[in-house]
Asks: 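Before anything else, here's the structure in question.
This structure is a prediction, so every number in the text was calculated from the model and none was measured. For the single chain, residues carry numbers from 1 onward in sequence order. Start at 1 and go down the list; that is how both ligands and their atoms are numbered. For the numbers below, each heavy atom of this structure counts, side chains included, while hydrogens, waters and symmetry mates do not.
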Amino acid sequence: MQFIVTPSPLQDARVTVPGDKSVSHRSLMLGSIAEGRTEVSGFLAGEDCLATLAAMRALGVEIEQPGPTQMTIDGVGIHGLREASGDLDLGNSGTAMRLMAGLLAGQDFPSTLTGDDSLTGRPMSRIIRPLTMMGAAIESDCDGTPPLQIAGGLALKGIHYDMPVASAQVKSSVLLAGLYASGTTSVTEPAVTRDHTERMLESMGVVVGRAKGSVSVGGGQKLRGCQVDVPADLSSAAFILLAVVLADKADVLITNVGVNPTRTGVIDILQAMGADIRLENPQMLGEEPVADIRVRSSQLKGGEVDPELVSLAIDEFPVLFVAAAAASGKTVFSGIGELRVKESDRIAAMADGMRRLGIEVDESQDGAVVHGGRFKGGTVESFGDHRIAMSLALAGTIADSDVIVEDVAAVDTSFPGFAASMAAIGVNIRVEGD
Ligand code: S3P
């Protein structure tokens with residue numbers, strides 16, 4: 001399947017985007033081990049979260065889907081999960097694999113976690129190490145990649161873990177295992193990462209200790225089922241945001257978007273580059289802050305992207321590379337080495353695509369310099385990575401001629417309906433092939 005994007009003017013609009021991927025995963029996992037019912041609205045029915053849904057069902061949890069974006073989870077309590085009859089296939093989802101590993105490490109039964117070609121190449125030592133320190137037994141391939149075989153049946157003990165990489169997935173994995181451990185489990189992070197796990201645990205009645213740079217949970221706490229209203233995903237809204245910024249003249253309102261301060265780096269970085277982006281109507285949706293985001297077309301200028309913002313915008317760098325290509329001067333990204341171990345090597349994938357479209361990019365192991373220029377038309381690869389596919393499609397909105405993005409099926413992992421959402425703001429995008 002491919003996208004064919006023909007440059008065209010955009011139009012003023014009011015749009016929304018699907019629910020937040022991180023919050024949707026967590027609603028299923030935490031709702032499953034809660035006592036009582038958890039009702040979820042605004043759920044992201046993308047392939048990643050559907051993999052988590054299938055895994056929780058395979059572990060014996062009854063979950064109904066009364067509407068396309070609704071889930072009703074009959075929680076089984078902290079010790080109510082049951083051994084799955086086969087491997088748990090988590091598809092393309094790093095979040096599902098790393099959080100599930102934490103959840104399953106303290107069960108009294110074994111589990112095997114596997115995934116697609118991309119996921120089975122991603123590093124899992126980052127969770128195996130702390131979970132092993134807690135007393136879990138987890139086997140992986142010799143290079144620390146999935147499948148993961150989790151022994152189960154072992155008593156876990158609380159640890160203090162000083163995380164070497166800033167990762168919400170690792171932090172969450174350790175905290176979930178901490179619910180099953182004796183004593184207190186705490187994690188210190190080298191930079192602030194998304195805190196959806198902490199917020200949802202709190203809304204389910206768990207006492208979470210929070211100090212600057214660290215978070216802790218005591219083992220043995222019960223979770224109480226609750227209502228979870230999932231905000232629209234800022235990581236998906238980012239594609240609309242940038243399309244509008246880059247257009248000649250458009251004014252778009254994206255409604256009800258999650259603006260948790262651990263996620264809003266993309267807004268700060270684009271604003272620093274000159275983008276006209278404002279938050280309107282801020283309010284709380286349960287434990288998560290949301291707002292409508294108003295964005296208008298603007299001229300962007302390059303510069304140095306503040307490395308302090310990297311963990312707050314970790315999934316938005318492919319979009320920001322496109323912003324940098326359209327900005328005047330050069331844009332310097334540093335401290336982004338984690339991008340090399342996402343669904344693809346995102347520094348290499350974006351450099352490859354943008355070079356094919358006539359943009360100069362210098363790469364280093366943990367950074368890149370993007371030289372502002374003009375996109376020409378051409379054919380580019382997604383490397384099977386949803387965010388690369390969508391980011392390169394954006395380039396097509398302002399290129400000299402059509403941009404064809406190949407192998408875009410993975411877009412459904414995080415943003416089903418991406419082409420229709422882009423069309424709603426006037427992007428001329430066709431989806432071809434199967
Ligand atoms: C996520 C955390 C991030 C992010 C991923 C979702 C999460 O990964 O890239 O898409 O839901 O916890 P890291 O925390 O490993 O950087």
Asks: Please work out, at 4.0 Å between heavy atoms, whether the side chain, the backbone, both, or neither of His25 comes within that distance of ligand 1.
Replies: neither

Asks: Could you tell me the residue and atom name of the protein heavy atom closest to atom 9 (O) of ligand 1, and the distance to it rounded to 0.1 Å?
Replies: Asp315 OD1, 2.6 Å

Asks: Inspect the contact between Glu198 and Lys171 and indicate whether a charged nitrogen and a carboxylate oxygen are less than 4.0 angstrom apart.
Replies: yes

Asks: Using heavy-atom distances only, which candidate in Gln169, Arg126, Arg122, Glu338 approaches atom 1 (C) of ligand 1 most closely?
Replies: Gln169

Asks: Surrounding CD of Glu62 (heavy atoms of other residues, nucleotides or ligands, distance under 6.0 Å), is the total greater than 12?
Replies: no

Asks: Tell me which one of Thr95, Thr262, Val310 gets a heavy atom nearest to atom 6 (C) of ligand 1.
Replies: Thr95

Asks: Scan Thr52, Thr197, Thr95 and name whichever one has a side-chain hydrogen bond (donor to acceptor under 3.5 Å, both in side chains) with His25.
Replies: Thr52

Asks: List the closest protein heavy-atom neighbour of atom 12 (O) of ligand 1: residue, atom name, distance to the nearest 0.1 Å.
Replies: Arg26 NH2, 2.7 Å

Asks: Take a 6.0 Å sphere around CZ of Arg340 and say whether it holds more than 12 heavy atoms from other residues, nucleotides or ligands.
Replies: yes

Asks: Does only the side chain of Lys342 get under 4.0 Å from ligand 1, or the backbone, or both, or neither? Count heavy atoms.
Replies: side chain

Asks: Going by the order shown, which atoms of ligand 1 are within less than 4.0 Å of some heavy atom of Ile314?
Replies: 9 (O)

Asks: Could you check if a side-chain atom of Ser22 sits within less than 4.5 angstrom of a side-chain atom of Arg263, using non-hydrogen atoms only?
Replies: yes

Asks: Return the closest protein heavy atom for atom 11 (O) of ligand 1 as residue, atom name and distance.
Replies: Ser22 OG, 2.7 Å

Asks: If you count every heavy atom of other residues, nucleotides or ligands that lies below 6.0 Å from Arg14 atom CZ, does the total exceed 12?
Replies: no

Asks: More than 12 heavy atoms of other residues, nucleotides or ligands under 6.0 Å from CD of Gln70: yes or no?
Replies: yes

Asks: Counting non-hydrogen protein atoms only, what is the nearest one to atom 14 (O) of ligand 1? Give residue, atom name and distance.
Replies: Ala168 N, 2.6 Å

Asks: Could you identify the single nearest non-hydrogen protein atom to atom 15 (O) of ligand 1 and state the distance to 0.1 Å?
Replies: Ser167 OG, 2.8 Å

